[in-house]
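As structure tokens, the structure follows; a few thoughts come after it.
Since the model is a prediction, treat every value here as computed from it, not as a measurement.
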Amino acid sequence: MLPSPLLLSPWRWFTDYYFEYTECDSTGSRWRVAIPQIPGACTGLPAPVQGTECTFSCKAGEFLEMSAQECTQCAAGSYSLGSGIRFDQWDYMPIGFSSLATSLENSLPVGENTISSWVPQGNYLESNRDECTVSLIYAVHLKKQGSVSFEYQYPDSNLLFEFFIQNDQCQEMDQSDDKKWLKLTKHGEWATHTVNLKSGTNILYWRTGGVTMGKKVVNPALLKNIHIEGVAYTSECFPCKPGSFSRVPGSSSCEPCPRDTYSGHGASSCTPCNTSTQYAAEGSSSCKDRPPCSMKDYFQIHTACDQERKTQVIYKWVEPKICLENVTGAVTLPPSGEREPCPPCNPGFYNNDTATCSQCPPGTFSDGMKPCQQCPAGSEPTLGYEYKWWNVLPSNMKTSCFNVGNSKCDSMNGWEVAGNHIQTGAGSSDNDYLILNLHVPGFKLPTSVSSHSGEEFGRITFEFETSCTADCELYFMMDVNRKSTKIVESWEKNKTRQTYTHIMTKNASVSYTWAFQRTNQASDVSRNVARIYSITVSNAVDGASSGCRVCALGAQPSSSACVPCPPGHYIDASTSQCTECPPNTYLMPHAAPGPDACKSCGPSSKSDKHSLCYSDCHFTYTEGNATLTFDFSSLGPVGSLMNGPSFTSKGTKYFHHFNISICGGKLAVCTDNVTDLSITDSQREKEGPNAITTFICQSTIIPASGRGFHTALSSQSINLADTFVGATVDDNLEGISVTPDLFPKTSKKVPDVNFYYRSLDTTSSCELGRSVVVRLRCNPDKSTTGELSVPSQCPAGTCDGCTFQFLWESSGACPTCTERDYHQIEGVCKGGNQDLLYVWNEPKLCMGGVTLPAKKTQACEGIEFWIQLGAGLGAFTAVLLVFLTCYFWKKNKRLEYKYSRLVMSANKECEMPVADSCAVMEGENEADMEDEVVYTKPSLFGKLKAIASKRNGDNYENVQLNSAHSKTLVWS
């Protein structure tokens, strides 16, 4: 690496040439050559000589004097790192560093006039605040293995910050994720990051890019004190930067100038300021005139309670005092206030006739005004913090002031106690962070509450207000297990007195931080303040007790006097016994003891352990005489949907990724891989704020190609639904409504089943929390796992930001098949047999359940049988008719005979015979009569003749009588 012209030894500027080494050859040797100051002037140059070994380097505090090729001590006012280089002065961008901003999609450089770049700020570098991807680049050539270390601040997870290394072929070096992705830091804290370097060319990249998604500008990352080890030699010493000095030769570092002194570039000592009219902070490069004292230069405090339990407000100058009192326009220190009675102790503390409040011993409680008392039998102390009186700052809280560019703030209190509240202090300048911190080492659930009875281990509630005439913002942050600080909520400008609650769902050590920042600060600091009136933390493991709660008694009370209730049991206040909640109810956490602590699950939901309600994937709907049964288990445990892409105002492409669990077997998990990629997937489900486990959650995905990063980024995971309300075909349930127009129905035969969810976490825009409706629709054309979609009118899944609606179309959402879903078809009768087939009704709108019956064969009568039967019946009828005809014909002949005999008798005697003879002689049997009456049907001629006879008065018929006798009697 060629040395920087600004860091060369003085002799170089007074000669016509300077010395450099050639590249090392394969044997590890090199030559020292002279290089003219003016290119092309090659006369009078010394001849090349053998150089030192390639791995040669000087000790810290020395440099390689090239003319003699010997190590020489650095002069006073300069320093050397030997085989290393350090960059700790950022008044300008050092030579060798470059800042490159790229476009969002194609990684092409943007214009030079862009504001997206790393900006030198004196003691540090500041990254960009927008969505552009900006890389800080520095190339270094190492002759041996070395390392790079630097200090950084990274307070905002909405900014992506990575550090990686490439070789001279633009190939990225192997680097683990924990070395590549920088971890978040608390506001005001500097972290150190160190990475090993290989010999050869190393190109260092610090890359940042904001992810705003419509939010305000992100907080930048800060970088300072870059230290690189492994260079072959240092041919010059580095002069001490202004505000520092090295008093002896051979120094490996420079010391900052003491307060009220200053120094210039390369100083071996510091010059005192005229302290009567000037001042200088530690490490100053010049003296400043002392300003007139103002309200910013003093603060008020409440004195500790004295033996008489009295306190008063007093005012003190900010130390070190830099202002002048006796000049025009200066303010004086206000007089102290009157002595007033001290406020009572906070709950859980007591005053034992001393000036301070002490925490009650374990197993006792106090309201802050009475002595500590033992909890009665069958009860236990309610541990926690309850701070509502602010005479002194509690021992587990601390306050500070931080401004990376203003060290004056470091010695000031950020917040000040004020009796019934605690408020922000004056600060020293704009952009100061006034910090208040509360540390909770862990949480302890009451013994009467099982750890499985809910997801809440504790909660913090505080009452606050902000009063601002200028721009200001109050941040509420938390740090779990000292991993990374996360902004939970923030408030801008004026906010009336209100209460905020955050629930802790993990038993871990946590630090809660309130940071107040003024921007464009007005002169009247008292009108730009944040006030906190009370802070309450429940179930804190080292907390005090302000009261006792009833708990279950064992058969033989132990020293604790309590036994834990099993999961899903509540404490009966009248008997102090554990009572199990009724079936299909869940136990509400932190509810008052009694049956009301058990809340019924919604429709089509159940609860086995009374911890939460869930769906068992089965649903039944009855309309009229028809009952539909659904089994949604085939949809799978968790469904996923990635919609988009969407674009921010600066053009960053991102997607919304949703994970949805409708059955209670496995919950959905959303992870955040931006802040800490070293955590494994199994650890993410168990640890930290980087994983969310719930019914429905959402993550923001930034594709790797969209920002120039080498992996897709998942960030801003939020919980959309942690409570299952119920499932129904109705469009409304417990205040959650479905908008039918978003997903028009496609079938009236099978209704859509709506799964309703709710999240208890409130936000500034959703005061009642978020709600989600997942509409399951039967679609036989889809697979069993189906397809998730969002309304076309609301591509983000929500139209108002609070109610999310999804459509899950699947064949697995169809009802279970029953006998009503198929019908029978009869086949043709062949050979006396007939087939019976069963087919589904079309369209088929069912899944699973009963199967189609197998084909059946049954006996049948064909048409030949019926033809034969008809022919037989016809023949039988014909025979019967012939027989009857013959019978009645014969019968008729006999009747004619009888009639003829009767007529014959009448003609002989001219009178009718008596009834007893009737033309049959006595002694004659009808059967013995051999005579036969023959009736001859008259012909046509005969009929005409008969008609003529009637006209003449004759009316006879000719009847021939045949007899066995010889004679024949005929009338004509």
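Note that the CD atom of Glu416 and the CG atom of Leu436 stand 12.0 Å from one another [nearest 0.5 Å]. With rounding to the nearest 0.5 Å, the separation of OG1 in Thr505 from CD in Glu456 is 9.5 Å. In this structure, the separation between OH on Tyr79 and OG on Ser251 is 11.0 Å, given to the nearest 0.5 Å. One finds the CE atom of Met478 at 11.0 Å from the OG atom of Ser511 (value rounded to the nearest 0.5 Å). Separation of atoms NZ (Lys486) and OG1 (Thr513) is listed at 14.5 Å; rounding is to 0.5 Å. Atom CD1 of Ile226 sits about 10.0 Å away from atom CG of Asp88, to the nearest 0.5 Å.
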Q | Derivation and outcome, ring-ring contact (aromatic ring centres under 6.0 Å, His included), residues Phe462 and Trp514 | A | CA-CA 11 Å; Phe462 57 93; Trp514 295 263; 5.5 Å; yes
Q: Any chance you could lay out the side chain to side chain contact (heavy atoms under 4.5 Å, CB included) test for Thr499 and Thr461, step after step, and finish with the verdict?
A: CA-CA 7 Å; Thr499 300; Thr461 302; 3.2 Å; yes
Q | Test log, rule side chain to side chain contact (heavy atoms under 4.5 Å, CB included), inputs Leu438 and Val537 | A | CA-CA 10 Å; Leu438 168 64; Val537 180; 3.9 Å; yes
Q: Start with the C-alpha gap between Gln517 and Leu434, add the side-chain angles, then the distance that decides, and say whether side chain to side chain contact (heavy atoms under 4.5 Å, CB included) holds.
A: CA-CA 6 Å; Gln517 185 184 37; Leu434 306 177; over 6 Å; no
Q.
Before you tell me yes or no, could you show the steps for Val417 and Gln423 under side chain to side chain contact (heavy atoms under 4.5 Å, CB included), namely the whole-Å CA-CA distance, both residues' side-chain angles and the distance that decides it to 0.1 Å?
A. CA-CA 6 Å; Val417 294; Gln423 65 182 19; over 6 Å; no
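Contact check for Cys273 versus Tyr262: side-chain heavy atoms found under the 4.5 Å cut-off. Between Leu136 and Leu223, some side-chain heavy-atom pair lies under the 4.5 Å cut-off. In this structure, Tyr385 and Ile460 have side chains that are not in contact, with every pair of non-hydrogen atoms separated by 4.5 Å or more. Contact annotation: the side chain of Leu222 never approaches that of Glu151 to less than 4.5 Å [non-hydrogen atoms, C-beta and beyond]. At a threshold of 4.5 Å between non-hydrogen side-chain atoms, the residues Pro292 and Leu324 do not count as touching. With a 4.5 Å cut-off on side-chain heavy atoms, Met504 and Arg459 do not count as touching. Counting only heavy atoms from C-beta outward, the side chains of Met397 and Asn437 never approach each other to under 4.5 Å. For the pair Ser358 and Tyr350, the minimum side-chain heavy-atom distance is below 4.5 Å.
Taking 4.0 Å as the cut-off between side-chain N and carboxylate O, Glu465 and Arg531 count as a salt-bridged pair. In this structure, Arg247 pairs ionically with Glu255, as a charged nitrogen and a carboxylate oxygen lie closer than 4.0 Å. Using a 4.0 Å cut-off between a side-chain N of Lys or Arg and a carboxylate O of Asp or Glu, Arg129 and Glu126 qualify as a salt bridge. Between Lys310 and Glu340 there is no salt bridge, since none of the side-chain N atoms of the basic residue sits less than 4.0 Å from a carboxylate O of the acidic one.
The aromatic rings of Tyr433 and Tyr475 are tilted relative to each other, their planes meeting at an angle between 30° and 60°. Classified by interplanar angle (parallel below 30°, tilted 30° to 60°, perpendicular above 60°), the ring pair Phe161/Tyr152 is perpendicular.
Here the rule is ring-ring contact (aromatic ring centres under 6.0 Å, His included) with Phe464, and of Phe476, Trp491, Trp415 only Trp491 fits it.
No side-chain donor from either of Glu386 and Asn346 sits under 3.5 Å from a side-chain acceptor of the other. With hydrogens and angles left out, the side-chain atoms of Tyr387 and Asn396 include a donor and acceptor closer than 3.5 Å. Between the side chains of Ser467 and Asn528, no donor-acceptor pair of N or O atoms lies under 3.5 Å.
Of all heavy-atom pairs between Cys287 and Ala280, the closest is CA-CB, 4.4 Å.
Residue Leu333 qualifies as enclosed at atom CG: its count of foreign heavy atoms under 6.0 Å is above 12.
Both the sub-6.0 Å distance and the 45° axial angle are not jointly satisfied by Lys224 relative to the ring of Trp90.
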